[in-house]
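The model shown is predicted, which means the values in this text are computed figures rather than measured ones. Just so you know, these numbers use all the heavy atoms, side chains as well, and skip hydrogens, waters and symmetry mates.
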Amino acid sequence: MSEDDFLGSLYQRFPVTVEKGLGSRVWDINGKEYIDCMGGYGVALVGHRNPRVVAAIKSQIDKIITVHTSLYNKTREEFLENLIKVAPKGLTNVHLGNSGAEAVEAAIKFARKYTGKSGMIAMNGSYHGKSMGALSITFNPKYRKSFMPLVEKAVFSPFGDIETLRSKIDKDTAFIIMEPIQGEGGIHVAPDGFLQQVRKLCDENGILLIFDEIQAGLGRTGKMWACDHWNTAPDIMCLAKGIAGGVPMSATLVKPEILAAMSKGEHSSTFGGNPLSCAAGVATLQALTQDGLIENAAKVGKTFREGLERLKEKHSIIRDIRGKGLMIGVEMKFEVKDILFDGISEGVLLLYSGRNILRLLPPLVTSEDDVNKVLEVLDRLFARETERKKNVQGQD
């Protein structure tokens, strides 16, 4: 028997059974070591088994694991205080949940209630989750088509095109939501000036601006928040993935007047803000702010990008390199499936974003030595793939 006998075919599976992890490495049940550039789809932000996170979880387990938010808890209070200290300006209220999709669902409801409007504008290429509300503002038709009709009044606009975005606004537009750097959509970075233009557009039209930083936030791009690269703050921000060092957790950060529009009982989460996640969250924020992980993401990310640019000069099958910090996309001229599986044999776990884009989301503890080893592997994999394509063309 295997997991597949029970889980069905909902996930793209790779032939690795992971037994343990530490820092930027994981090991399978046979003891084979891998450099992890997949990072649990960005969840292993502060590294596998981060010492601060492990100690915090062990300590909290000896106290209590669950305290519903109808009761008070000091661990939750400590997490909220630490989160607000580093939050973008004005975002001083928080709703806690368990996943990125939940954070987005909360943002949709808060924005609609506060504005009294229901229109939603998202970006072409966006990904905000697969629950019905989040899916309604996720662009890719392959996720949407089987579940129509979705939540009504969602429209999409090209990412980076302010004039088209302006034309999409009407009197019922409640909010504009975007990822400052699109993840699932292919690691597309917002053009310089675009976020500032959208902020101005929202202010002029009484529209809320929501940033989804579920993947790009919390130091991933070499700054605490991806929007910091453009000195722009939203009205609502959605966080999840690595926020609690690997423990399920999400946070929707909100301006206080927006959350004040919600009545008691209109939105809640049974597990949101449980002390175990909050303890891990405190430790994660400490690791980010006290252990130099954000600075490391910027430094090592620069090394990674420079190495990839050298590989681009060497291998014509690479079309583009883009991203910031340790959120990097390598766009190829063909599907990357073979590279993903070849990477496993070479001891590197890689991620994809669409059929032809390698997505690199390694833990922020990744070292330059790790990066150099990955670059050596990628060099071999790109050469192997080039030869494979030549052989196929020769057979044709």
- request: List the steps, then state whether side chain to side chain contact (heavy atoms under 4.5 Å, CB included) holds for Leu91 with Lys255.
  value: CA-CA 5 Å; Leu91 303 187; Lys255 289 184 175 179; 3.8 Å; yes
message: Using side chain to side chain contact (heavy atoms under 4.5 Å, CB included), reason through Ile57 and Leu276 one step at a time and then give a plain yes or no.
response: CA-CA 6 Å; Ile57 291 173; Leu276 197 63; 3.8 Å; yes
query: Can Phe194 and Phe159 be said to form a side chain to side chain contact (heavy atoms under 4.5 Å, CB included), step by step?
result: CA-CA 9 Å; Phe194 181 61; Phe159 187 52; 4.1 Å; yes
message: Looking at Arg166 and Glu163, is there a salt bridge between them, counting it only when a charged N and a carboxylate O are closer than 4.0 Å?
response: yes
- prompt: Any idea which heavy atoms bring Asp36 and Val26 closest together, and the distance?
  reply: OD2-CG1, 4.1 Å
Distance-only polar pair, side chains of Ser367 and Asp370, donor-acceptor under 3.5 Å: yes
Residues Arg388, Glu385: salt bridge by 4.0 Å N-O rule: yes
- request: Indicate yes or no: does Arg384 engage Asp338 in a salt bridge with an N to O separation below 4.0 Å.
  value: no
query: Run the side chain to side chain donor-acceptor pair (under 3.5 Å) check on Tyr11 and Glu3 step by step: do they pass?
result: CA-CA 11 Å; Tyr11 295 85; Glu3 288 184 21; over 6 Å; no
- request: Search all heavy atoms of Glu152 against all heavy atoms of Arg112 and return the closest pair with its distance.
  value: O-NH2, 3.1 Å
- request: Quick one: do Asn50 and Thr284 satisfy side chain to side chain donor-acceptor pair (under 3.5 Å)? Show the steps, please.
  value: CA-CA 8 Å; Asn50 181 281; Thr284 297; over 6 Å; no
Rounded distance (nearest 0.5 Å) linking atom CE of Met224 with atom CD of Glu213: 11.0 Å
message: Any salt bridge linking Lys200 with Glu204? Criterion: basic side-chain nitrogen under 4.0 Å from a carboxylate oxygen.
response: yes
- prompt: So does Lys113 have more than 12 non-hydrogen atoms from other groups sitting under 6.0 Å from NZ?
  reply: yes
Heavy-atom closest pair, residues Ser118 and Asp172: OG-OD2, 2.8 Å
query: Going by an N to O cut-off under 4.0 Å, is there a salt bridge joining Glu81 and Lys85?
result: no
field: Donor on one side chain, acceptor on other, Glu368 and Thr303, under 3.5 Å
entry: yes
query: Transitively linked via ILVMFWY side-chain contacts under 4.5 Å: Val151 with Leu208?
result: yes
- request: Using a strict cut-off of less than 4.0 Å between a Lys/Arg side-chain nitrogen and an Asp/Glu carboxylate oxygen, indicate whether Arg322 and Glu331 qualify as a salt bridge.
  value: yes
message: Does Leu150 form a side chain to side chain contact (heavy atoms under 4.5 Å, CB included) with Met132? I'd like the steps, not just the answer.
response: CA-CA 6 Å; Leu150 298 169; Met132 293 298 276; 3.6 Å; yes
task: Apply side chain to side chain donor-acceptor pair (under 3.5 Å) to Asp379 and His315, showing your working.
output: CA-CA 8 Å; Asp379 190 12; His315 300 282; 2.6 Å; yes
Test: Glu376 and Lys373 ion pair at under 4.0 Å: no
query: Quick one: are Leu360 and Leu308 in side-chain contact, heavy atoms under 4.5 Å?
result: yes
- request: Could you tell me how the ring of Phe14 sits relative to the ring of Phe341: parallel (under 30°), tilted (30 to 60°) or perpendicular (over 60°)?
  value: tilted
